[in-house]
Protein chains: 2
Amino acid sequence: MKKQTITIYDVARESGVSMATVSRVVNGNDNVKPETKEKVLAVIENLNYHPNAVARGLASKKTTTIGVIIPSVTNLFFSALALGIDDIASMYDYNIILTNSDGNEEKELKVLETLRSKQVDGIIYMGNKITEDFRSMLNNMRTPMVLAGSIDHENKIPSVNIDYKQAVFTQTCELINNGNKKISFISGSLDWPINKNYRLAGYKQALKKFGIEYDESLVISTKQDYKSGYLLSSKIKNSNISAAVVSDDELAAGVLNGVVDSGMRVPEDFEVATSNDTMITEFTRPTMSTISQPLYDMGAVSMRLLTKLMNDDVVDDNNVLLNFSLKKRNSTK
Amino acid sequence: MKKQTITIYDVARESGVSMATVSRVVNGNDNVKPETKEKVLAVIENLNYHPNAVARGLASKKTTTIGVIIPSVTNLFFSALALGIDDIASMYDYNIILTNSDGNEEKELKVLETLRSKQVDGIIYMGNKITEDFRSMLNNMRTPMVLAGSIDHENKIPSVNIDYKQAVFTQTCELINNGNKKISFISGSLDWPINKNYRLAGYKQALKKFGIEYDESLVISTKQDYKSGYLLSSKIKNSNISAAVVSDDELAAGVLNGVVDSGMRVPEDFEVATSNDTMITEFTRPTMSTISQPLYDMGAVSMRLLTKLMNDDVVDDNNVLLNFSLKKRNSTK
DNA sequence: TTGAAAGCGCTAACAT
DNA sequence: ATGTTAGCGCTTTCAA
C-alpha cells in the first residue's frame with residue numbers, strides 16, 4: 001500500500017463542493033455558508049486531511065517562514081533576542097529557519113542564498129558586520145530584512161538596537177567618577193562597527209569629557225569568549241589599570257574571574273562593567289554591573305518591525321533605539 | 001514594472017535546451033554533456049537565475065528542511081545541542097525550522113502540526129515529556145523523529161542521550177564517599193521521566209548501595225531556574241543536608257550562590273554537584289563539579305541519526321548512549 | 001544525452 | 001455563496 005496523500009481535491013469531492021470552497025474553509029474565508037463549512041470541516045476530520053504549506057507557498061508566493069541568521073545559538077545575548085523573535089513570529093503565524101553563521105562572512109553569504117531559495121518572506125540578521133557582498137545580494141533579492149542587536153555601518157537596513165555609544169559613554173563616566181584614571185576598553189574585534197564606531201566611540205567621548213587622554217594601549221581587542229577574558233589577568237595585573245569596560249558578558253566573566261583568581265579584589269582593586277545583562281552577570285561572584293537592555297524585547301520588536309515591512313505597512317522609524325539603563329551590581333564601586 | 005521571476009523555463013529557452021536538462025544541471029546530475037552544462041551555467045549566471053526550493057519541494061516531496069522543537073533557545077544545555085544539530089544539518093544540506101515550545105505540551109502539539117504542514121523531512125525533539133497526544137500525532141504523520149537529550153518513557157522513539165541513571169548514580173556515590181550522609185536530590189519536575197525514572201533512580205540506587213535509607217524529604221522538586229535554586233538556601237541551611245545532586249546547571253548555580261550568600265562554605269559545609277557541564281559551571285565561584293557530557297555531539301549525533309532515518313538507511317542502534325564522565329571542580333571535596 | 005509532458009497541492013482571479 | 005480554471009516553478013517518468 002502506497003502512502004496516499006489526502007488533498008484538497010479529495011475533500012472537495014467527498015463533500016460535494018469545489019476545491020475553492022474547501023480552500024476558503026481551510027483559510028477561514030468568510031464567504032462560505034455555515035452549513036457548507038460544517039460539512040467540509042466534517043469531511044476534513046474524517047479524511048484526516050492536513051493542508052500542505054509547501055503547495056500553498058508555491059501558489060501564493062508566501063511561505064510564512066522567515067530566516068534568522070545568528071552567530072551562535074549558544075551565545076546568551078543573541079539567544080535571548082532569538083527567543084523574542086520566535087515568540088512574536090509564532091504570534092503572527094510565522095516560522096523561523098534558524099541558521100548559525102559562526103560569525104563567518106562566507107557562511108552568511110551561503111545562508112542568505114539558501115534563504116532566498118527557500119523563499120522566506122523576511123529575514124532577521126544578527127551578527128557583527130554586514131559585508132558588501134552580503135548587502136548587494138540582499139538588495140538583489142528584495143526580501144525585507146531587519147537587524148536585531150546588530151549594526152549596519154551604513155545605517156541603511158532597518159534595525160533594532162540600543163544606543164551603544166551613549167550606554168558605554170555613561171558607563172565609562174561612572175567609572176571615572178569612581179576615581180579610575182586608567183580604564184581599559186575590552187572588546188571583541190574592532191573590525192565590528194558596533195565596537196569601533198559605537199562602544200569605543202562612547203568610551204573615548206567619556207575620557208574627553210573628563211579631560212583624560214586617550215591611551216591606545218588600554219584598548220584591548222580579543223576573541224570574544226570567556227577564556228580570552230580570563231587570560232587577560234596577567235596583563236592587567238602588571239599594569240596600572242584599575243577598571244575595565246567590557247563589551248560582552250562572557251568575556252567580562254572571564255576578565256572578572258581571571259583577575260580575582262590572580263589575587264586582585266573586585267571591585268576594590270579592579271572594577272569591571274559589562275554590556276549585556278545576561279544571566280551570566282548574576283552567576284559570577286561578585287555579580288557584574290552592566291548596561292541593562294531589554295534583550296527579549298529587542299528581538300520581539302525587530303520581528304514586529306519585520307511583519308510591518310513584509311506587509312508594506314508604513315513604518316515611521318526604521319532604526320529603532322530601545323531604552324537602556326545602568327544596573328549597578330557588585331563588580332563596581 | 002512588475003517583479004519578474006526567472007524560472008527554469010526561462011533558462012531553458014535562453015540556452016536552447018529543455019527544462020529537464022536545466023534541472024539536471026542545477027541538481028548536478030551527471031547525464032549532461034559538458035558543453036551543454038557550461039552553456040546552461042552561463043545562462044543561469046546571465047539571467048541571475050535562482051532555484052525555487054518551494055517548487056522543488058512540492059514536486060519532489062522533499063523539503064530539505066527539518067523541524068527542531070526546543071524548550072527554549074536560551075537554555076544552555078539545549079542550545080548546545082541545537083548548535084550540534086545545525087552544524088550537521090547544514091553539512092547534509094538541511095535547514096532547520098526552530099521552534100521554542102516553552103515546555104508547553106499544547107504548544108508542542110501545535111508546533112508538530114505546523115511542522116507537518118510545512119512538510120519537514122524529519123524532526124528533532126528536545127523536551128521533557130512526550131505526551132500521548134503528541135505520540136499519536138507523530139505516528140499519524142510518518143515523519144522520522146529523534147530525541148536529543150530527551151527521554152521517551154516508552155523508549156520507542158529513536159534518541160541520543162547519556163546514561164543519566166548511571167551518571168547520577170556515580171555522582172551520588174562520590175558524594176557519599178566524601179562522607180555525606182544527608183544528600184539532597186534537587187531537580188525540576190518529577191513529572192519528567194528523565195528526572196523521575198533516571199536521575200532519581202540513580203540517586204536511590206547509590207543510597208541503596210551504601211545502605212543509606214531513602215528519605216523523601218531530601219528530594220526537592222522545583223522550577224528549573226536560577227532563582228528557584230537560590231531560594232532554596234534557607235531550607236538547606238535549616239537542615240542537616242550537607243550536599244546536593246542537582247539536575248540542571250542554572251538551578252545548581254542558584255543553589256550554590258544562595259548557599260554561599262547565606263554564609264555557608266562550599267565545599268567545606270556544603271557540596272554541590274551538577275549535571276550538564278555547560279559554561280555556567282566555570283562562571284561560578286567556586287566552579288561546579290559536574291557530570292560531563294558531549295553536548296554538541298549529542299546534537300550532532302542525533303542529527304546524523306535523523307539523516308539515516310530519512311534515507312531509510314539501516315540503523316543498528318536506535319537509542320544511542322554517549323559516554324559521560326565526572327568532572328571534578330571546586331564545589332565538591 | 002536530451003526532451004516532452006504530466007503532475008506536485010494549492011491559490012486566486014474570474015465567472016456565475 | 002460557490003465553481004472553473006489557469007497557473008505557481010519544479011521533478012520525474014518515459015520515450016527518443
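Throughout, a chain's letter reflects where its sequence line sits, starting with A, and its residues are numbered from 1.
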Please state how far atom CD in A/Q119 lies from atom P in C/dC10, giving the value in whole angstrom units. 19 Å

First-last contacting nucleotides on DNA chain D - partner chain B, under 4.0 angstrom, heavy atom: D/dG9 to D/dT12

Closest non-hydrogen contact found for A/D121 with A/T63 is OD1-N, 3.1 Å

Distance only, no hydrogens: is a donor on one side chain within 3.5 Å (strictly under) of an acceptor on the other, for A/N319 and A/S159? yes

Between A/N27 and B/R24, just flag the one whose closest nucleotide in DNA chain C comes earlier from the 5' side. B/R24

Flag yes if more than 12 heavy atoms outside B/K37 fall under 6.0 Å of its NZ atom; otherwise flag no. no

Between atom NZ in B/K118 and atom C1' in C/dC8, what is the gap in whole Å? 18 Å

Within this structure, what is the NZ-to-P distance between B/K37 and C/dT1, rounded to whole angstrom? 11 Å

Determine whether the side chains of A/N27 and A/S23 contain a donor N or O and an acceptor N or O closer than 3.5 Å. yes

Just the rounded figure in Å: distance from P of C/dT1 to CG of B/D30. 8 Å

5'-most by nearest nucleotide on DNA chain C - B/V32 or A/I8: B/V32

On the nucleotide C/dA12, are OP1 or OP2 found under 4.0 Å from the side-chain N or O atoms that A/S23 carries? no

Atom CZ of A/R13 and atom C1' of C/dG9 are separated, to the nearest Å, by 14 Å

C/dG7 OP1/OP2 closer than 4.0 Å to side-chain N/O of A/Y9: no

Whole-Å gap separating C1' (C/dC8) and CE (A/M19): 12 Å

Looking at side-chain heavy atoms only, is the closest gap between B/D93 and B/T64 below 4.5 Å? no

Rounding to an integer number of Å, can you tell me how far B/E38 CD sits from C/dT1 P? 15 Å

Give a yes/no on whether any side-chain N or O of A/K61 is located under 4.0 angstrom from OP1 or OP2 of C/dC10. no

Find the distance A/L58:CG to C/dG7:P and express it as a whole number of Å. 17 Å

Option passing side-chain contact (heavy atoms from CB on, under 4.5 Å) with B/I123 (candidates B/V146, B/L306, B/L112, B/V111): B/L112

Scan A/V26 against the nucleic acid and name what it touches under 4.0 Å (heavy atoms): base, sugar-phosphate only, or nothing. nothing

Shortest non-hydrogen contact from A/G57 toward B/V54: C-CG1, 4.0 Å

Need one value for A/V54: base, sugar-phosphate or nothing, where a base atom within 4.0 Å counts as base even if backbone is also close, heavy atoms only. nothing

Any Lys/Arg nitrogen of B/K110 or B/E113 sitting under 4.0 Å from an Asp/Glu carboxylate oxygen of the other? no

Within the structure, does a side-chain N or O atom of B/S18 lie under 4.0 Å from either OP1 or OP2 of C/dT2? no

Using a 4.0 Å heavy-atom cut-off across all strands, classify A/N52 as base, sugar-phosphate, or nothing. sugar-phosphate

Output yes when at least one side-chain N/O atom of B/T21 is less than 4.0 Å from OP1 or OP2 of C/dT2, else no. no

